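First up is the structure itself, then whatever we jot down about it.
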2 protein chains.
Amino acid sequence: MPTQPPEPDSATDSDIELHNADVCNVVGAVAEVGSKWKLVVLNDLQDDEKRFNELKRSTGASSYTLSRVLADLEDHGLVDNRKELESPVASYYTVTEKGRALSPVFEALDEWGATWLD
Amino acid sequence: MPTQPPEPDSATDSDIELHNADVCNVVGAVAEVGSKWKLVVLNDLQDDEKRFNELKRSTGASSYTLSRVLADLEDHGLVDNRKELESPVASYYTVTEKGRALSPVFEALDEWGATWLD
DNA sequence: CGGCATCCTTGGAGATACTG
DNA sequence: CAGTATCTCCAAGGATGCCG
């Protein structure tokens, strides 16, 4: 008979605290940009400014998904948006300095893929 | 009246082909390792071999999720598993050369996080 | 052109319980 | 200890339509 209450299968609160206090910020970085569409979109914006539909074609995301991803990235200061309201309207997206700072990540991913994929 | 059938909202087949033939393999890399748990687990294994429950505590993943992520990583040749069947049983996980080759990615993510998070 | 609103499907993932 | 088996829930995301 245990003197402690039974532990749930997943991490306990104290585990989570330990885990949050963990050494590196890879976990934090992954939490902020570590989703498929965010990585793909940010990578696509590294080189140059792009419009909404350009991103849609190059990434393959639906307009619904793309607009949500871009809004989220903008909220977190990773991309900037510039709108031209004259008809036909145009919307240009660029990476901020914060977003641009991820380029070493993409270079590392690119090199890894070149070596280990196909 | 369009001479072409109406295009759906998302990318067309030809778009997808263009996209797959795209320059860089960041997209491929993201497809293989670009999910939260895979990144977190691989990062946790970069330094040294770990056992199942060690990973469970350090990552915060449930045993269900962790076992599935590890199996998937093993299937793709990113981690190796060594089992000791003597009681109490033990299961040790390590990164393969392919998984170890991702360390520049994690270093880049760590540095980015150090600069741009909190 | 650049989205937003809506519906709907799917997979990711936690909780819980059980086994060798 | 190291998982597996279910059940369940929720967010991601595609399809479609509409609008300034």
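Since we're looking at a predicted model, the values are computed, not measured. Computation of the quantities below employed the complete heavy-atom set of this structure, encompassing side-chain atoms and omitting hydrogens, waters and symmetry-equivalent molecules. All chains are named by letter (A, B, ...) in the order of the sequence lines, taking the proteins before the strands, and each is independently numbered beginning at 1.
- Here C/dG12 presents its P atom at 14 Å from CH2 of B/W37, a figure rounded to the nearest Å.
- Counted by atom type alone, B/S58 and B/D44 present one or more donor-acceptor pairs between their side chains at under 3.5 Å.
- Nearest heavy-atom pair, A/L70 versus A/F52, reported as atom, atom and distance to 0.1 Å: CD1-CD1, 3.9 Å.
- Between B/K38 and B/E32 no salt bridge is recorded (no basic side-chain N to carboxylate O distance below 4.0 Å).
- The side chain of B/S62 contributes an N or O atom lying less than 4.0 Å from OP1 or OP2 of C/dG14.
- Heavy atoms of A/R51 sit under 4.0 angstrom from primed sugar atoms or phosphate atoms, though from no base atom.
- As a whole-Å value, the separation of A/N81 CG from C/dC1 P is 17 Å.
- Between the CG atom of B/L66 and the P atom of D/dA2 there is a distance of 10 Å, given to the nearest Å.
- Within 4.0 Å (heavy atoms only), A/K36 reaches no atom of the nucleic acid at all.
- At a threshold of 4.0 angstrom between heavy atoms, the contacts of A/Y93 are confined to the sugar-phosphate backbone, with no base atom among them.
- Atom P of nucleotide D/dG13 and atom OH of A/Y64 are separated by 9 Å, given to the nearest angstrom.
- Separating the CG atom of A/L39 from the P atom of D/dA12 is a distance of 15 Å, rounded to the nearest angstrom.
- Residues B/Q46 and B/V95 are in side-chain contact: their nearest non-hydrogen atoms beyond the backbone lie under 4.5 Å apart.
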